[in-house]
Amino acid sequence: MKRRLVSTVLALAMTVTLLAGCGSKDGGETASNSDEITLAVVGPQTGDNAEYGKTMKTAAQIAVDEWNEKGGVIGKQIKLVDYDDANSSEQAASIAEKIVGDESICAVMGHFASGVAMTAAEVYQEAGIALVNGSAAHMDYAKIGDCIFRNNAIYTTDANTMLQIMEYLGVQKFGILNPNTDAGISVTSAVQEMMERYGDKYTLELVEPQLYEDGTVDFTATVAWFQEQGVEAVYSSGAYSATAPFIQQYRAKDKDVKFVMSAACFSKEFLELAGEDANGVVLGTSFFYGSEDEKVKSFTEKYTEAYGSEPSTFAAQIYDATYAILYAIEKGESADRADIVENLASTDFQGITGKIAFDEEGNCPKEQVLLEIENGEYHEIPGVLKSQSDWEASKGITD
């Protein structure tokens, strides 16, 4: 299993390399000898996906502030540094190299899109520094190595959630519109494989999935094609910058079509871009700011004051990711990069996005709730979504 596959060579390299943050030839500042604990958060703060990065930074800072207010961790105050990768793999790789070369930084939260995060993760893995992501759903992300973790749902979870929602909506025929990226293709494949696995347990019919290129804003032809196929609903895991205009253009032709989105559309920006056409959209998410949980209420209040709107799922997941790293430092009484990696593997606490405990591959299993947009606001529809295992059991599905 992944957490047990760290080779002797890698372990030795992490001990002697400067990049491991355990020493310095010139006696410079490292995570060990600094009077501060420095964490890095990376995400897109410019470009089409800028909202995601800005919310991640805000959430991480709230977590850091909360720990500092109670005395920091292992007797040291915590410092947060942030980087803008513009959701670009090239920029992410460059930033990752910069981070691992700064020996004062002991762990990293973030990167947004799966492909971008996976590119950066290769750099962090080689250097032996922990990366905890809150949005990369690609199945192969956490397989990169023992330093790579995530606190978000994976594509099989998203696929199962989508199918449960389609069933709840009473849909018989649906389509998929996803970005023509490794991530978009992967989640589409996850849906197709799950439908094949469930076989006659479902009467759903999926028409040929449609892919779009980054930057696409004209979906006229795609809308016409879906209409020709007679779909009753469309699912998309795409970012709000594409899904909002798609929904608007579809609503102009068909007011009755249903839209099932991913947590990428659980944001203020999506509501603003889609306007009245957002009403009726449903989605599954691992976090909802309207929860009665006291921890959620506290975080939501602080976040809203700092950012000016309620937190998204990705923001909440980065908040919990930051807590996971700080708990790992506290548990090991060490900010050494190798020690953080080791102690993250046994993290176990109740966060605002559920139980935070990583499996052997570095994933954190997630349960989701169903939200619907009404009058420009998100509302929870309780009691609809089950965990994949519970749902399968209710259908009599066995491996």
Side-chain angles (χ1 to χ4, degrees), residues 1-3 112-115 117-118 121 132-145 148-169 171 174-179 181-202 204-206 209 211 233-239 260-266 282-287 313-314 317 320-321 353-371 384-399:
M1 295 182 181
K2 190 184 83 168
R3 302 294 157 192
F112 178 62
S114 290
M118 291 169 72
V132 186
N133 185 275
S135 54
H138 194 288
M139 300 299 291
D140 293 336
Y141 163 80
K143 296 177 183 177
I144 289 173
I148 310 305
F149 303 81
R150 65 171 143 207
N151 177 43
N152 57 273
I154 58 179
Y155 286 149
T156 52
T157 301
D158 286 339
N160 181 259
T161 293
M162 186 277 297
L163 292 176
Q164 289 189 53
I165 294 174
M166 291 293 180
E167 185 175 51
Y168 165 75
L169 295 174
V171 171
F174 74 102
I176 290 178
L177 176 72
N178 276 330
T181 61
D182 191 30
I185 293 170
S186 294
V187 69
T188 301
S189 296
V191 173
Q192 293 172 312
E193 290 168 5
M194 194 159 287
M195 290 185 68
E196 182 177 348
R197 175 189 174 193
Y198 293 153
D200 59 5
K201 298 293 183 180
Y202 261 111
L204 275 174
E205 178 185 350
L206 171 62
L211 301 175
V234 178
Y235 166 70
S236 178
S237 64
V260 180
M261 301 288 109
S262 73
C265 288
F266 179 37
V282 293
L283 56 90
T285 175
S286 303
F287 167 83
T313 302
F314 302 131
Q317 288 171 168
D320 277 348
T353 61
K355 180 180 174 65
I356 311 301
F358 302 106
D359 63 19
E360 287 287 342
E361 199 170 82
N363 298 311
C364 184
K366 292 293 178 185
E367 295 187 10
Q368 299 190 318
V369 297
L370 177 62
L371 303 183
V384 175
L385 299 181
K386 301 180 176 70
S387 68
Q388 184 173 340
S389 59
D390 287 347
W391 183 85
E392 289 178 349
S394 72
K395 294 288 185 180
I397 298 170
T398 58
D399 290 329

Report the C-alpha separation of Asn160 and Tyr198 in whole Å, then their side-chain angles, then the decisive distance to 0.1 Å, and conclude whether the side-chain contact (heavy atoms from CB on, under 4.5 Å) test is met. CA-CA 10 Å; Asn160 181 259; Tyr198 293 153; 3.0 Å; yes

Interatomic distance, [X] atom [atom1] to [Y] atom [atom2] [nearest 0.5 angstrom]:
X	Y	atom1	atom2	value
Ile185	His138	CD1	NE2	9.0 Å
Asn152	Thr157	CG	OG1	9.5 Å
Ile154	Cys364	CD1	SG	11.0 Å
Glu167	Trp391	CD	CH2	6.0 Å
Leu371	Met261	CG	CE	13.5 Å
Arg197	Gln192	CZ	CD	16.0 Å

Exercise: identify the closest heavy-atom pair between [X] and [Y]:
X	Y	value
Ala153	Ala137	O-CB, 3.4 Å
Ser236	Leu177	OG-O, 2.7 Å
Phe287	Thr285	O-OG1, 2.9 Å
Ala142	Gly362	CB-C, 4.3 Å
Ala136	Ala117	CB-CB, 4.0 Å
Gly238	Cys265	O-SG, 4.1 Å

Candidate pair Gln164 and Val384, rule side-chain contact (heavy atoms from CB on, under 4.5 Å), full reasoning: CA-CA 8 Å; Gln164 289 189 53; Val384 175; 5.9 Å; no

Looking only at the side chains, is there a donor atom on one of Gln368 and Thr161 sitting less than 3.5 Å from an acceptor on the other? yes

Within the 3.5 Å criterion, strictly below it, is a donor on Asp320 or Thr353 matched to an acceptor on the partner's side chain? yes

Heavy-atom side-chain contact between [X] and [Y] under 4.5 Å:
X	Y	result
Leu283	Leu370	no
Leu204	Val171	yes
Ser286	Gln317	yes
Tyr155	Ser189	no
Met194	Thr156	yes
Ile165	Leu385	yes
Glu205	Phe174	no
Tyr235	Asp158	yes

Between Phe112 and Phe314, is the ring centroid distance below 6.0 Å? yes

Does a salt bridge link Arg150 with Glu361, judged by any charged N lying under 4.0 Å from a carboxylate O? no

Expected output: side-chain Asn363 to main-chain Pro365 donor-acceptor under 3.5 Å: no

Carefully, step by step, assess Asn151 and Asn133 under the rule side-chain contact (heavy atoms from CB on, under 4.5 Å). CA-CA 6 Å; Asn151 177 43; Asn133 185 275; over 6 Å; no

Atom CD of residue position Glu367 - does it have more than 12 heavy atoms of other residues, nucleotides or ligands inside 6.0 Å? no

For Ile176 and Val234: C-alpha separation, side-chain torsions, deciding distance, then whether side-chain contact (heavy atoms from CB on, under 4.5 Å) applies. CA-CA 5 Å; Ile176 290 178; Val234 178; over 6 Å; no

